[in-house]
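Shown next, in structure tokens, is the structure this report addresses.
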Number of protein chains: 2
Amino acid sequence: MGYRENPRPGGRSARVQAAVHQSVRDMLATMDRAEVTIPMIAQRANVTPSTIYRRWGDLQALLADVAAAHLRPEGEPARIGSAREDLEAWVEQYADEMASGVGRQMLRDILAAADSANAEKCGTYTRYQLSVFIARAEACGEPFPTLAELMDHVISPIIYRILFDQTPDPHYVRKLVAKVMRESVVSA
Amino acid sequence: MGYRENPRPGGRSARVQAAVHQSVRDMLATMDRAEVTIPMIAQRANVTPSTIYRRWGDLQALLADVAAAHLRPEGEPARIGSAREDLEAWVEQYADEMASGVGRQMLRDILAAADSANAEKCGTYTRYQLSVFIARAEACGEPFPTLAELMDHVISPIIYRILFDQTPDPHYVRKLVAKVMRESVVSA
DNA sequence: CCACTAACGCAAATTATTTGCTTTTATACA
DNA sequence: TGTATAAAAGCAAATAATTTGCGTTAGTGG
């Protein structure tokens with residue numbers, strides 16, 4: 001009865017999941033989110049609507065699932081130079097992606113879902129990425145903010161602005177990073 | 001054809017709006033959000049479903065409207081002592097309310113709506129409340145953070161935690177306020 | 001008091017969702 | 001290799017939500 005969280009790769013279930021996810025991405029790219037329906041997604045994915053209803057429950061949950069999958073990091077963030085430079089580059093790209101139309105919509109879909117599992121997942125992704133920079137800095141003996149400081153004073157303000165409709169521009173993002181770095185130096 | 005944003009008070013339209021809002025609040029208090037439907041809301045409000053569909057569009061939008069109405073501040077925040085004390089008390093209550101089950105759900109409803117007008121409204125409410133503390137501090141010559149500092153380093157982290165499922169506890173909230181106050185003193 | 005129109009009610013038509021039952025298909029084990 | 005098993009998919013009927021056209025009501029301004 002229960003659907004497994006991570007279907008065995010290559011199985012039928014995995015194929016259906018991939019087809020449905022792809023279908024959702026296609027539709028979101030083509031048309032307005034408000035006119036996307038489960039029957040349409042099902043048709044494009046060559047699947048019956050009831051399959052989607054049984055597996056995901058409703059549109060909200062499906063969209064949240066697709067969004068979370070998209071937001072999952074591919075690997076470790078790029079290494080350019082110092083941990084600070086790496087962080088700056090990463091945050092700037094993060095802000096850009098989240099503030100884009102698609103990114104914003106994904107955020108909303110994730111937060112709107114009744115089940116907060118995807119939201120948690122997202123937070124975990126971000127914390128993981130940041131912890132990589134922290135580890136690098138530590139390895140070099142470079143002074144660096146803590147994870148909590150980065151989450152509270154860099155990530156949170158960016159996300160807040162995006163959600164409440166004030167796009168964070170690159171200059172603003174750099175200022176946030178600069179500030180948190182300055183404080184970490186002082187306290188070190 | 002168009003529905004006016006603020007119906008004339010006392011008119012039929014205003015009565016319908018009040019009845020529907022009340023109905024929504026009643027239902028959210030009684031039952032799970034997932035089982036609330038427009039036909040049910042309509043019945044309890046003694047209104048036809050089509051009235052609700054025509055006026056609000058869909059459940060998301062209606063819930064966002066109700067939530068935004070609930071979040072609108074009643075008046076100026078309480079005056080207890082210094083601006084700092086006032087701020088501390090207010091933020092603590094703000095965090096509590098937003099982190100509660102109902103508050104969290106309202107936040108989500110507001111953010112999930114296709115139209116971001118309600119989200120913006122909410123942000124404006126918060127900024128307005130904070131600006132009152134700033135004005136008070138200025139009147140007393142008390143050093144105080146700027147609006148941007150408060151939004152970025154107090155409000156944003158609180159909201160982020162709530163949305164991504166880490167309830168901010170009172171101690172954490174006090175620390176945020178303490179930190180932003182400390183910095184404002186340094187820079188003054 | 002009358003004309004005007006935004007907003008509502010009603011009901012039929014459409015569309016989405018749920019559900020019981022059947023069939024398919026991976027997988028584990030003989 | 002088969003064969004048993006169970007998870008997940010398909011199908012179709014039943015239910016529920018949404019949309020829409022049209023007639024009615026009730027505030028508003030003349």
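The figures here come from the full heavy-atom set of this structure, side chains too, leaving out hydrogens, waters and symmetry mates. Quick note on labels: first sequence line is chain A, next is B, and so on, each numbered from 1.
- Contact annotation for T37(B): backbone-only contact, meaning every heavy-atom pair under 4.0 Å involves sugar-phosphate atoms and none involves a base.
- A salt bridge does not link E88(A) to R174(A): none of the charged side-chain nitrogens sits closer than 4.0 Å to a carboxylate oxygen.
- In summary, K175(B) and D169(B) do not engage in a salt bridge, as defined by a charged side-chain N under 4.0 Å from a carboxylate O.
- Taking hydrophobic clusters as Ile, Leu, Val, Met, Phe, Trp and Tyr residues chained together by side-chain heavy-atom distances below 4.5 Å, L28(A) shares a cluster with M31(A).
- Closest contact between the side chain of S50(A) and the listed nucleotides dC11(D), dT24(C), dA26(D) involves dC11(D).
- When rounded to the nearest whole Å, the span between CD1 of I41(B) and P of dA16(D) equals 17 Å.
- The shortest distance between the side-chain N/O atoms of R55(B) and the OP1/OP2 oxygens of dC8(C) is below 4.0 Å.
- A straight line from CH2 of W56(A) to C1' of dA9(D) spans 12 Å, rounded to a whole angstrom.
- With respect to R33(B) and D109(B), a salt bridge is recorded, a charged nitrogen being found less than 4.0 Å from a carboxylate O.
- The nearest pair of heavy atoms linking A78(A) to R136(A) is O-NH1, 3.2 Å.
- In this structure, N46(A) atom CG and dA9(D) atom C1' are separated by 13 Å, rounded to whole Å.
- Residue R54(B) has no polar side-chain atom (N or O) positioned under 4.0 Å from OP1 or OP2 of dA6(C).
- For R15(A) and dA26(C), the shortest distance from a side-chain N or O to OP1 or OP2 is below 4.0 Å.
- For T51(A) and dA9(D), the shortest distance from a side-chain N or O to OP1 or OP2 is not below 4.0 Å.
- dA9(D) atom P lies 10 Å from atom CD1 of I52(A), rounded to whole Å.
- What separates CD of Q43(B) from P of dA16(D) is a distance of 13 Å, to the nearest Å.
- Here the nucleotide nearest the side chain of S13(B), chosen from dA8(D), dA7(C), dC11(D), is dA7(C).
- For a distance-only test at 3.5 Å, the side chain of R12(B) qualifies as a donor-acceptor partner of the base of dA7(C).
- Two residues, I38(B) and G11(B), neighbour DNA chain D, and the one matched to the more 5' nucleotide by heavy-atom proximity is I38(B).
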